[in-house]
**Student:** 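This is the structure I want to talk about, given as structure tokens.
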Amino acid sequence: MGHDTVEKPNLSFDRAGEPVRGTPYARYARLDELHSLQHPLSEAPAELSFIVTTQVMELLFGLLRHEWTLAQRALRADDLPDALAALRRGTHVQDVLTESWDLLATMTPQEFNSFRSVFGEASGFQSSAFVHLEFLLGNKNAALLRMYDDSPEALAELTEVLRSPGLYDDALALLARRGLELPDTVSERRHQSDGAVAAAWQRVYAEAEYAELRPLAEALLDVAERVTRWRHRHLMAVKRAMGAKPGSGGSSGLSWLRRSAEQDVFPELWEIRDGM
């Protein structure tokens with residue numbers, strides 16, 4: 001190709017005689033449908049930002065679930081490189097999730113109150129995609145399933161996740177297959193710190209024969225740290241926009257978010273740092 005040739009984008013598309021409309025890009029990404037999903041219920045200018053931010057987070061929840069599920073499959077297959085790659089991709093998704101709070105960071109209480117009443121009892125913690133992620137992290141709570149009594153598909157999916165190994169369970173199962181002594185951690189309840197699990201991770205860091213597993217420990221900590229960052233940004237966004245008023249879904253608002261932000265994910269990986 002000569003240097004005097006100017007490359008131009010293709011502006012005419014071969015539709016092979018089919019009665020289709022729009023550009024290939026619009027059809028592939030279903031843009032008409034995507035941009036038709038924002039329906040503010042008030043005249044408040046800030047409501048559209050709230051809806052778009054919520055929908056962006058939901059899409060990212062789904063992408064993160066995809067990566068963590070791939071990581072679980074790789075862990076179960078003893079494929080550590082693929083597991084680490086999926087976890088690494090997931091951390092980038094988590095970073096974007098955390099930064100998405102910037103879209104609401106400057107919302108004043110007056111702006112939030114101008115449309116808050118229109119969404120009634122709706123609250124982010126009702127998101128089945130969010131609950132799915134929490135269960136994968138080991139933050140299981142069977143009582144939450146009551147929210148989905150009228151949503152059979154979501155209820156069935158979350159019930160399966162509740163009863164199945166989470167991401168951390170699969171990581172610990174891999175450690176057990178590598179010769180470390182570990183209890184069965186699969187449960188339908190929130191994961192609680194376990195001394196035997198902490199001892200296994202200590203051996204991973206201290207003993208040369210388990211050095212191959214150290215990148216897994218660090219990758220899981222990358223995940224856990226970003227969970228805490230996201231929760232803290234959530235806390236600060238709510239604190240700025242609505243103060244200590246009760247949450248729309250019936251929670252205690254700030255105090256509930258603060259307790260959540262203080263709960264470490266994969267706690268043993270944090271605890272062993274005291275003795276390293």
**Student:** Quick check against the 3.5 Å criterion: does Tyr148 have a side-chain atom that pairs as donor or acceptor with the backbone of Gln126?
**Tutor:**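 The answer is yes, because a donor-acceptor pair under 3.5 Å joins these two groups.
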
**Student:** Please check this pair: side chain of Gln38 against backbone of Leu34, looking for a donor-acceptor N/O pair closer than 3.5 Å.
**Tutor:**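 A pair under 3.5 Å: yes.
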
**Student:** Within a strict 4.5 Å, meaning less than it, do heavy atoms of the Thr159 and Leu145 side chains meet?
**Tutor:**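 Yes - at least one pair of side-chain heavy atoms lies under 4.5 Å apart.
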
**Student:** Ignoring hydrogens, what is the shortest heavy-atom contact between Pro165 and Asp170? Give both atom names and the distance.
**Tutor:**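 Where Pro165 meets Asp170 most closely, the heavy atoms are CB-OD1, 3.8 Å.
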
**Student:** Which atom names give the shortest non-hydrogen contact between Thr98 and Arg226, and what distance separates them?
**Tutor:**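 Where Thr98 meets Arg226 most closely, the heavy atoms are OG1-O, 4.1 Å.
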
**Student:** Assigning hydrophobic clusters by single linkage (Ile, Leu, Val, Met, Phe, Trp, Tyr; side-chain heavy-atom cutoff under 4.5 Å), is Val238 placed with Val56?
**Tutor:**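 Both belong to a single hydrophobic cluster.
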
**Student:** Mark yes or no for whether Asn113, through its side chain, and Pro109, through its backbone, hold a donor-acceptor pair below 3.5 Å.
**Tutor:**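 Pair found, side chain donor or acceptor close to backbone of Pro109.
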
**Student:** Are Phe61 and Val93 side-chain neighbours, meaning at least one heavy-atom pair lies under 4.5 Å?
**Tutor:**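 Side-chain contact under 4.5 Å: no.
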
**Student:** Is it the case that the side chain of Asp169 and the backbone of Gly166 share a donor-acceptor pair, with hydrogens and angles ignored and the cut-off at 3.5 Å?
**Tutor:**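 Yes; judged by distance alone, with no hydrogens or angles, the pair exists.
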
**Student:** For Arg190 and Gln263, run side chain to side chain contact (heavy atoms under 4.5 Å, CB included): C-alpha distance rounded to whole Å, both residues' side-chain angles, the deciding distance at 0.1 Å, then the answer.
**Tutor:** CA-CA 11 Å; Arg190 179 186 298 275; Gln263 292 175 342; 3.2 Å; yes

**Student:** Please determine whether a side-chain nitrogen of the Lys or Arg among Asp102 and Arg233 lies less than 4.0 Å from a carboxylate oxygen of the Asp or Glu.
**Tutor:**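 Result for this pair is yes, salt bridge flagged.
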
**Student:** Closer than 4.0 angstrom, basic N to acidic O: yes or no for Arg89 and Glu67?
**Tutor:**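 Between Glu67 and Arg89 there is a salt bridge, with a charged N closer than 4.0 Å to a carboxylate O.
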
**Student:** Are the side chains of Trp270 and Val265 in touch, meaning some heavy atoms are under 4.5 Å apart?
**Tutor:**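 With C-beta onward as the side chain, the pair stays apart.
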
**Student:** Supply the atom-to-atom distance Leu48 CG to His39 NE2, rounded to the nearest 0.5 angstrom.
**Tutor:**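 Leu48 atom CG to His39 atom NE2 measures 11.0 Å (nearest 0.5 Å).
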
**Student:** For Arg189, is the CZ atom crowded, meaning more than 12 foreign heavy atoms sit under 6.0 Å from it?
**Tutor:**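 At most 12 heavy atoms, drawn from other residues, nucleotides or ligands, come within 6.0 Å of this atom.
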
**Student:** Between Phe135 and Asn141, what is the shortest heavy-atom contact and its length?
**Tutor:**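 Nearest heavy atoms, Phe135 then Asn141: CE1-N, 3.4 Å.
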
**Student:** Inspect the surroundings of CG in Asp95 and state if more than 12 heavy atoms from other residues, nucleotides or ligands are less than 6.0 Å away.
**Tutor:**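 Enclosed: over 12 neighbouring heavy atoms sit under 6.0 Å from CG of Asp95.
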
**Student:** Do Glu271 side-chain atoms and Ala198 backbone N/O form a donor-acceptor pair below 3.5 Å?
**Tutor:**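 Pair absent, no side-chain N/O of Glu271 close to backbone of Ala198.
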
**Student:** Taking the side chain as every heavy atom from C-beta outward, state whether Glu111 and Ser49 have any atom pair closer than 4.5 Å.
**Tutor:**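 No, every pair of side-chain atoms sits at 4.5 Å or beyond.
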
**Student:** Would you say Thr23 and Tyr28 make side-chain contact, with heavy atoms under 4.5 Å?
**Tutor:**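 No - every pair of side-chain heavy atoms lies 4.5 Å or more apart.
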
**Student:** Working to the nearest 0.5 angstrom, can you tell me the gap between Arg116 CZ and Ser42 OG?
**Tutor:**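 Rounded to the nearest 0.5 Å, the CZ-OG separation comes to 14.0 Å.
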
**Student:** Below 4.0 angstrom, N of the basic side chain to O of the carboxylate: do Glu268 and Arg273 qualify?
**Tutor:**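 No salt bridge links Glu268 with Arg273.
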
**Student:** Just say parallel, tilted or perpendicular for the rings of Phe119 and Phe112, cut-offs at 30° and 60°.
**Tutor:**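 Rings of Phe119 and Phe112: tilted, as their planes differ by 30° to 60°.
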
**Student:** Mind running side chain to side chain donor-acceptor pair (under 3.5 Å) on Ser128 and Glu157 for me, showing each step along the way?
**Tutor:** CA-CA 9 Å; Ser128 61; Glu157 177 183 283; 5.5 Å; no

**Student:** Let me confirm one number: the CG-CG distance from Leu220 to Leu269, rounded to the nearest 0.5 Å.
**Tutor:**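 The CG atom of Leu220 sits 6.0 Å away from the CG atom of Leu269.
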
**Student:** Can you check side chain to side chain contact (heavy atoms under 4.5 Å, CB included) on Leu136 and Tyr168, steps first, answer last?
**Tutor:** CA-CA 8 Å; Leu136 286 180; Tyr168 195 48; over 6 Å; no

**Student:** Is it true that Met276 and Val204 fall in one hydrophobic cluster, defined by side-chain heavy atoms closer than 4.5 Å?
**Tutor:**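 Shared cluster, yes.
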
**Student:** For Trp230 and Trp101, take the angle between the two ring planes, folded into 0 to 90°, and tell me which bin it lands in: parallel under 30, tilted 30 to 60, perpendicular over 60.
**Tutor:**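 Aromatic pair Trp230/Trp101 classed tilted.
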
**Student:** Would you find more than 12 non-hydrogen atoms of other residues, nucleotides or ligands less than 6.0 Å from Asp150 atom CG?
**Tutor:**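 Open: at most 12 neighbouring heavy atoms sit under 6.0 Å from CG of Asp150.
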
**Student:** Indicate yes or no: at least one non-hydrogen side-chain atom of Thr185 is less than 4.5 angstrom from one of Asp194.
**Tutor:**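 In short, these two side chains do not touch, never coming nearer than 4.5 Å.
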
**Student:** Are any side-chain N or O atoms of Arg240 and backbone N or O atoms of Ala105, one a donor and one an acceptor, separated by less than 3.5 Å?
**Tutor:**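 Side chain of Arg240 to backbone of Ala105: a pair is present.
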
**Student:** Under a 4.5 Å side-chain heavy-atom rule over Ile, Leu, Val, Met, Phe, Trp and Tyr, are Val96 and Val227 clustered together?
**Tutor:**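 Yes.
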
**Student:** In Å and rounded to the nearest 0.5 Å, what is the CG to CE distance from Leu60 to Met57?
**Tutor:**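 Answer rounded to 0.5 Å: 8.5 Å.
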
**Student:** Would you call Arg231 and Glu134 a salt bridge, using N to O less than 4.0 angstrom?
**Tutor:**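 Salt bridge flag = yes for Glu134 with Arg231.
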
**Student:** Let me see the working for Leu180 and Leu213 under side chain to side chain contact (heavy atoms under 4.5 Å, CB included), right down to the final yes or no.
**Tutor:** CA-CA 11 Å; Leu180 290 157; Leu213 297 171; 4.2 Å; yes

**Student:** Check whether any side-chain heavy atom of Leu144 sits under 4.5 Å from a side-chain heavy atom of Leu158, and report yes or no.
**Tutor:**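 Not touching, per the 4.5 Å side-chain cut-off.
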
**Student:** Please report the interatomic distance OG1(Thr91) to CG(Leu221), rounded to the nearest 0.5 Å.
**Tutor:**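 Thr91 atom OG1 to Leu221 atom CG measures 12.5 Å (nearest 0.5 Å).
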
**Student:** Verify the neighbour count for atom CD of Glu160: are there more than 12 heavy atoms of other residues, nucleotides or ligands below 6.0 Å?
**Tutor:**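 No, CD of Glu160 has 12 or fewer neighbouring heavy atoms, counting only those of other groups under 6.0 Å.
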
**Student:** Carefully, step by step, assess Leu70 and Asp82 under the rule side chain to side chain contact (heavy atoms under 4.5 Å, CB included).
**Tutor:** CA-CA 8 Å; Leu70 290 179; Asp82 273 5; over 6 Å; no

**Student:** Between Val118 and Leu41, which heavy-atom pair has the shortest distance, and what is it?
**Tutor:**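 Heavy-atom minimum between the residues: O-CD1, 3.6 Å.
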
**Student:** Out of curiosity, Phe266 CZ to Glu225 CD, how far, rounded to the nearest 0.5 Å?
**Tutor:**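 Result: 12.5 Å between the selected atoms.
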
**Student:** State whether the side chain of Thr53 and the backbone N or O of Phe50 hold a donor-acceptor pair below 3.5 Å, judged by distance alone.
**Tutor:**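 Such a contact is absent between Thr53 side chain and Phe50 backbone.
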
**Student:** Give the minimum heavy-atom separation between Phe115 and Ala44, together with the two atoms involved.
**Tutor:**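 In this case the closest contact between Phe115 and Ala44 is CB-CB, 4.0 Å.
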
**Student:** Does Ser260 reach the main-chain N or O of Leu257 with its side chain, forming a donor-acceptor pair under 3.5 Å?
**Tutor:**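 The answer is no, because no donor-acceptor pair under 3.5 Å joins these two groups.
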
**Student:** Are any side-chain N or O atoms of Gln94 and backbone N or O atoms of Val223, one a donor and one an acceptor, separated by less than 3.5 Å?
**Tutor:**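 Yes, Gln94 side chain to Val223 backbone: donor-acceptor pair under 3.5 Å.
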
**Student:** Assigning hydrophobic clusters by single linkage (Ile, Leu, Val, Met, Phe, Trp, Tyr; side-chain heavy-atom cutoff under 4.5 Å), is Val186 placed with Leu167?
**Tutor:**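 Different clusters.
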
**Student:** Within the distance-only criterion (no hydrogens, no angle test), does the side chain of Lys140 pair as donor or acceptor with the backbone N or O of Ser187 below 3.5 angstrom?
**Tutor:**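 Indeed, once roles are kept as given, a pair shorter than 3.5 Å links the two residues.
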
**Student:** Is any side-chain heavy atom of Leu175 closer than 4.5 Å to a side-chain heavy atom of Leu216?
**Tutor:**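 Answer yes - side chains close enough.
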
**Student:** At their closest point, which heavy atom of Leu182 faces which heavy atom of Ala200, and how far apart are they?
**Tutor:**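 Looking at all heavy atoms of both residues, the closest pair is CD2-CB, 3.6 Å.
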
**Student:** Strictly below 4.0 Å, N to O, side chains only: are Glu218 and Arg214 in salt-bridge contact?
**Tutor:**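 No salt bridge links Glu218 with Arg214.
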
